[in-house]
Structure formats: C-alpha cells, structure tokens
Amino acid sequence: MSKHNHWLFKSEPTCFSLEDLKNLPDATEHWDGVRNYQARNFLRDQIKLGDRVFFYHSNTAEPAIVGIAQVVREGYPDWTAFDPENDHFDPRSAPEKPIWYMVDVRFVRVLPRPITLAELRGIPALAGMALLNRSRLSVQPVREEEWDLILKLAGVEE
DNA sequence: GCCAACGTTGGC
DNA sequence: GCCAACGTTGGC
C-alpha cells in the first residue's frame, strides 16, 4: 500500500473556484500559473499521483477550505510560461529548460461545511499549519494529523 | 480599498 | 552578498 501525502492549494474563487473545477467536463484542471519557487518545488518534486488536496478559497470575504481534489497527473512543465499571450508568461522559462511546473487535479468533493481560516486559527493543534504561518504560499503541505482533524471538523467520514 | 507581510529584483 | 525598493498576496 502506497502512502499518499496531503496538500493545500489556494485559489481566488473569483478567478477559479471549487464549483468551477466540479463543473469542468471531466472535473479536471491544469494547476498552472504558480510562480513561486517553493511552491514550484512541491509541484515538481513532491506532489504525487493520487495525493489529496484541500481546495482553499483565498482573497474572499470568508477565506476557507471548501473541498477536496486529487492529483491525477504529476509535475510537468507549465507551458503557460512559454506563451507570450498568456498572463503567466515568463520569458526566462523555455521548453528545453523549464522553470515552472504544474500538476493536474480532479474534483473529489465539496466539504459538508467550509472550514474557515478563522476557525482554523482557533484550534491549537493546527497552530503549526503552513496556512497560518506562511500566509503567501499558494501550494503547501498538510500534515496527516492536520488533514484528519480538519476532515473530522468538517464532518467527513472516511 | 487598505495595508502588512514577504518574496523578488537589482544596485552597489 | 547585502539590503533597499518594489510588487504581489491575501486578510480584514
């Protein structure tokens, strides 16, 4: 039995929401446009097929973990960096020597209730979460204990 | 809309 | 290699 790791991906819902992911034809999306080296390292090196991901809505009235996605393709070069027409174009990145990477994720579920940032902050056992300490990291690891606790809070039976 | 936190850039 | 200036993220 292989052991999967857990992650948290942030997205601004006005840009791309959990509902948007759910409503895609095959509920699958390229997680492109990440332009931070630490997040890139996770995408390129550590995020594996089958890993589960908390979908977090940021920069919104009530920031919260709202659902779960799953990795369906491991890290590969983010081609949006190669396209001058694309908002995420980066002239330093080239197909033969890519700087930026992405993974593909598919929709798994909406949480029975969103777990807000405010609620997470109130839980001592979660004080070490990257979300609470590394506020600007958009792709980040979630420890197994944190993952399990948050699922329990949300009322998810696994 | 404001602004603090913080990652990145570039001059020296 | 330091660090000030700058730009962006994201909570509020």
Side-chain angles (χ1 to χ4, degrees), chain A residues 5-24 29-47 51-71 74-105 107-143 145-147 149-156:
Chain A
N5 290 315
H6 298 106
W7 307 94
L8 181 147
F9 289 6
K10 293 184 193 175
S11 186
E12 300 191 21
T14 53
C15 177
F16 185 76
S17 71
L18 182 64
E19 280 302 298
D20 293 333
L21 178 64
K22 185 181 181 179
N23 292 334
L24 288 170
E29 171 78 353
H30 311 304
W31 206 264
D32 62 26
V34 174
R35 297 292 180 266
N36 167 283
Y37 287 101
Q38 197 179 355
R40 185 281 310 271
N41 292 345
F42 290 131
L43 291 168
R44 186 188 59 189
D45 306 329
Q46 289 187 246
I47 298 179
D51 284 359
R52 297 218 162 200
V53 176
F54 280 140
F55 199 112
Y56 177 85
H57 282 170
S58 67
N59 210 357
T60 188
E62 192 143 76
I65 297 171
V66 292
I68 298 173
Q70 184 172 37
V71 177
E74 293 180 6
Y76 61 104
D78 180 345
W79 64 66
T80 64
F82 310 143
D83 175 7
E85 302 296 305
N86 194 285
D87 286 345
H88 301 296
F89 176 59
D90 182 348
R92 299 170 303 163
S93 190
E96 60 277 13
K97 205 180 178 191
I99 296 177
W100 305 115
Y101 283 74
M102 59 183 170
V103 300
D104 292 355
V105 297
F107 173 83
V108 173
R109 65 171 299 157
V110 179
L111 292 185
R113 69 182 186 93
I115 303 299
T116 66
L117 179 62
E119 182 172 358
L120 293 168
R121 281 197 198 287
I123 300 167
L126 298 179
M129 275 192 85
L131 184 68
L132 308 182
N133 300 296
R134 303 290 324 285
S135 61
R136 298 187 48 189
L137 191 59
S138 66
V139 169
Q140 53 181 259
V142 175
R143 288 194 278 264
E145 319 84 78
E146 297 165 345
W147 180 271
L149 200 160
I150 291 164
L151 284 188
K152 202 171 166 189
L153 277 177
V156 176

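Convention: sequence-line order gives letters A, B, ...; per-chain numbering from 1.
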Original post:
Run the ring pair (Phe, Tyr, Trp, His ring centres under 6.0 Å) check on Trp100(A) and Tyr37(A) step by step: do they pass?
Top reply: CA-CA 8 Å; Trp100(A) 305 115; Tyr37(A) 287 101; 4.7 Å; yes
Original post:
So with a 6.0 Å cut-off around CD of Gln46(A), is the heavy-atom count from everything else above 12?
Top reply: yes
Subject >> Atom-pair distance (CG on Asn59(A); C1' on dC3(B)), nearest Å >> reply: 13 Å
Subject >> Any Lys10(A) side-chain nitrogen or oxygen under 4.0 Å from OP1 or OP2 of dT9(C) >> reply: no
Original post:
Roughly how many Å is it from CZ in Phe16(A) to P in dG10(C), rounded to a whole number?
Top reply: 16 Å
Subject >> Integer-rounded Å distance: dG10(C) P and Gln140(A) CD >> reply: 9 Å
Original post:
Parallel, tilted or perpendicular: which describes the rings of Phe55(A) and His57(A), with under 30° parallel and over 60° perpendicular?
Top reply: perpendicular
Original post:
Given atom CG of Leu8(A) and atom P of dG10(C), what is their separation to the nearest angstrom?
Top reply: 11 Å
Original post:
At under 4.0 Å between heavy atoms, what does Arg92(A) touch on the DNA or RNA strands: base, sugar-phosphate, or nothing?
Top reply: sugar-phosphate
**OP:** Round to the nearest Å and state the distance from Tyr37(A) atom OH to dT9(C) atom C1'.
**Re:** 18 Å
Original post:
Ignoring hydrogens and geometry, is there a side-chain-to-backbone donor-acceptor pair from Asp51(A) to Asn5(A) under 3.5 Å?
Top reply: yes
Heteroatom pairs (N/O) under 3.5 angstrom, protein to nucleotides 4-8 of chain C:
unit_1 : atom_1 : unit_2    : atom_2 : d
dG7(C) : N2     : Arg136(A) : NH1    : 3.3
dT8(C) : O2     : Arg136(A) : NH1    : 3.4
dT8(C) : O2     : Arg136(A) : NH2    : 2.9

Original post:
Taking the side chain as C-beta and beyond, is there a heavy-atom pair between Ser93(A) and Pro98(A) under 4.5 Å?
Top reply: yes
**OP:** Find the distance Phe9(A):CZ to dT9(C):P and express it as a whole number of Å.
**Re:** 17 Å
**OP:** If the plane angle is over 60° it's perpendicular, under 30° parallel, otherwise tilted; pick one for Tyr76(A) and His30(A).
**Re:** perpendicular
